[in-house]
Asker: 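What follows is a single structure, and I will ask about it in a moment.
Being a predicted model, the structure only gives us computed values, none of them experimental.
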Amino acid sequence: MKTQINGTDILELGFPEGKIIGIALKINSKRNGFTREEMITNFKNVLETPENYIDDKIFSKLAVALIEKSNEKPEDFIALNETPNAYSAYGLDHIEDGARKQMEVAMKLPVTVAGALMPDAHQGYGLPIGGVLATKNAIIPYGVGVDIGCRMALSVYDIPEDFYFENEAKFKRELIANSIFGAGHGFHGQYKSDHAVLENETFNMNPFVKNLKDKAWSQLGSSGGGNHFVEFGIMEFAQDDAVLNIPKGKYVALLTHSGSRGMGATIAGHYTKIAKDECKLPEVAKNLAYLDMNSQLGQEYWMAMNLAGDYASACHEIIHNKMERALGATILAKVENHHNFAWKETWNGEEVIVHRKGATPAGKGVMGIIPGSMTAPGFLVRGKGEENAINSASHGAGRQMSRTQAIKNITQTEMKSILKDHGVTLIGAGLDEAPMAYKDINQVMEAQKELVDVVAKFTPKLVRMADDGSKED
């Protein structure tokens, strides 16, 4: 039987997009006697040291193509810094090589000032997910990510734990009635929500952004696909919290995770393409193409990014307001924090642009929410302001399996069993979001004790996600 490897697998190894993927797949399609694991190992080795495979009977064409690609240099080529500063890393023993290598490349950008890798880090496009990068007067669209302004929002109610278990059917009904999921899905007619964000003048910045407004209105208050969720759970405060004015105890809470929907994804794609045309970096760094903050294009992206962030926040506000009315509850505390964003901050006495792609702001006293998985606890935290981490922490547990790997290796029976063991009711979600696809959140939290203090623990009980397992549109 032929080795089962697809183009996504090749890309995840770090191969450049284009004809080289086709060469690799053609090699894989031949009966060379390798197992899948052996072929993956060979591909890794060729990528790392192609010069060793120039005369190899099987891999020579791939090796030559990689060497030729690495030597391509346009006239306006921007060289990388070959003696970069070191970056800080937390929980490094549990971070995959792909994420480390991406961070090493990011540190070589001529605009990079500092970097840090969070303990939930894994490989992404451009900057690794869980990567934090401070740059001088430059903004990297793929350093922000596709789902701009993706965030966590928490409402802690004045509802005791027992009430939830006595009225689970009511919570389930309201969860279904007041949330909507799936790529492309939105509201129509009388069901569309209104919000001040729709009057934001940035929608009139240029024709491209203006054309996004109608779809944004339709999707306002929805949650999209991928790993986005709306869930009820039990929030436990082990001791009184004076800042939030919440006494020790267990409360029902609503936790939501979603971003800027189709609008953010379209902005990311549009300005990433522009950045790549404007900023000619070597192949290994092309997804880190940046825009000068002093340029019109840099300012356009900055404004569009902030609009997408405001829009993402509005989506959460609408969901939480609907649920508050439906439950007739009083909210004791609201906490919200976002990732996949860039901020102007001061670091070592100078203004920098801090990109947090899948990383939570954790400045001194800053509140954050770090979820685990649908069966693992999440944590309400307060930042310690650790400068080596660029005032950041993880945004979750982080994946230990890609979506493709999870679908191949986890069965419906296994997923149902673990949900039952943890007393979690699940509405929707594909196998790509199974709890086993994620790292151990307790291990991640242990690795960032110097970054955040835990204020309270959230245990999921009723979870809703996109029922088609779809990615964001």
Asker: Have Ser394 and Gln448 got a donor and an acceptor in their side chains that come within less than 3.5 Å?
Answerer: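 Ser394 vs Gln448: donor-acceptor pair found between side chains.
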Asker: Kindly write out the residues that satisfy ring-ring contact (aromatic ring centres under 6.0 Å, His included) with His316, not counting sequence neighbours, or none if the list is empty.
Answerer: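 Once residues adjacent in sequence are excluded, His316 has no partner under the ring-ring contact (aromatic ring centres under 6.0 Å, His included) criterion.
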Asker: Would you find a donor on one side and an acceptor on the other, under 3.5 Å apart, between the side chain of Gln405 and the backbone of Ser402?
Answerer: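 Yes.
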Asker: Do the side-chain N and O atoms of Tyr438 and Gln400 include a donor-acceptor pair separated by under 3.5 angstrom?
Answerer: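 The criterion, which ignores hydrogens and geometry beyond distance, is not satisfied for Gln400 and Tyr438.
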Asker: Run the salt bridge (Lys or Arg N to Asp or Glu O under 4.0 Å) test against Lys384 and tell me which residues pass, sequence neighbours left out.
Answerer: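 Partners of Lys384 under the salt bridge (Lys or Arg N to Asp or Glu O under 4.0 Å) test: Asp453.
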Asker: For the atom pair CD (Glu324) and OG1 (Thr330), what is the distance rounded to the nearest 0.5 Å?
Answerer: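 Going from CD on Glu324 over to OG1 on Thr330, the span is 7.5 Å.
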Asker: Is there a donor-acceptor contact under 3.5 Å from the side chain of Arg399 to the main chain of Met401?
Answerer: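 Here the side-chain-to-backbone pair exists.
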Asker: Taking only residues two or more places apart in sequence, or in another chain, which ones meet Asp292 in a salt bridge (Lys or Arg N to Asp or Glu O under 4.0 Å)?
Answerer: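 Listed in chain order: nothing, the list is empty.
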Asker: Any chance the rings of His270 and Phe208 have centres within less than 6.0 Å?
Answerer: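 Close enough - the centres of the two rings lie under 6.0 Å apart.
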Asker: Sort and list the pairs that fulfil ring pair (Phe, Tyr, Trp, His ring centres under 6.0 Å) and have at least one residue in residues 353-398, not counting sequence neighbours.
Answerer: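 Every ring pair (Phe, Tyr, Trp, His ring centres under 6.0 Å) pair that includes a residue of residues 353-398, provided the two are not neighbours, is His339-His395.
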Asker: Please collect all ring pair (Phe, Tyr, Trp, His ring centres under 6.0 Å) contacts where either partner lies in residues 126-169, sequence neighbours excluded, each pair once.
Answerer: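 Every ring pair (Phe, Tyr, Trp, His ring centres under 6.0 Å) pair that includes a residue of residues 126-169, provided the two are not neighbours, is Tyr164-Phe171.
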Asker: Taking C-beta and beyond as the side chain, do Leu462 and Ile427 meet within less than 4.5 Å on heavy atoms?
Answerer: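 When only atoms from C-beta onward are counted, Ile427 and Leu462 do touch, with a gap below 4.5 Å.
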Asker: Taking salt bridge (Lys or Arg N to Asp or Glu O under 4.0 Å) as the definition, give me every residue that meets it alongside Lys276, ordered by chain and number, with sequence neighbours left out.
Answerer: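 Scan of Lys276 (salt bridge (Lys or Arg N to Asp or Glu O under 4.0 Å), adjacent residues dropped) gives none.
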Asker: At what distance, to the nearest 0.5 angstrom, does CG of Leu212 lie from OG of Ser260?
Answerer: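 Going from the CG atom of Leu212 to the OG atom of Ser260 covers 10.5 Å.
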Asker: Any side-chain heavy atom of Met415 within less than 4.5 Å of one from Met374?
Answerer: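 Yes; the side chains approach each other to less than 4.5 Å.
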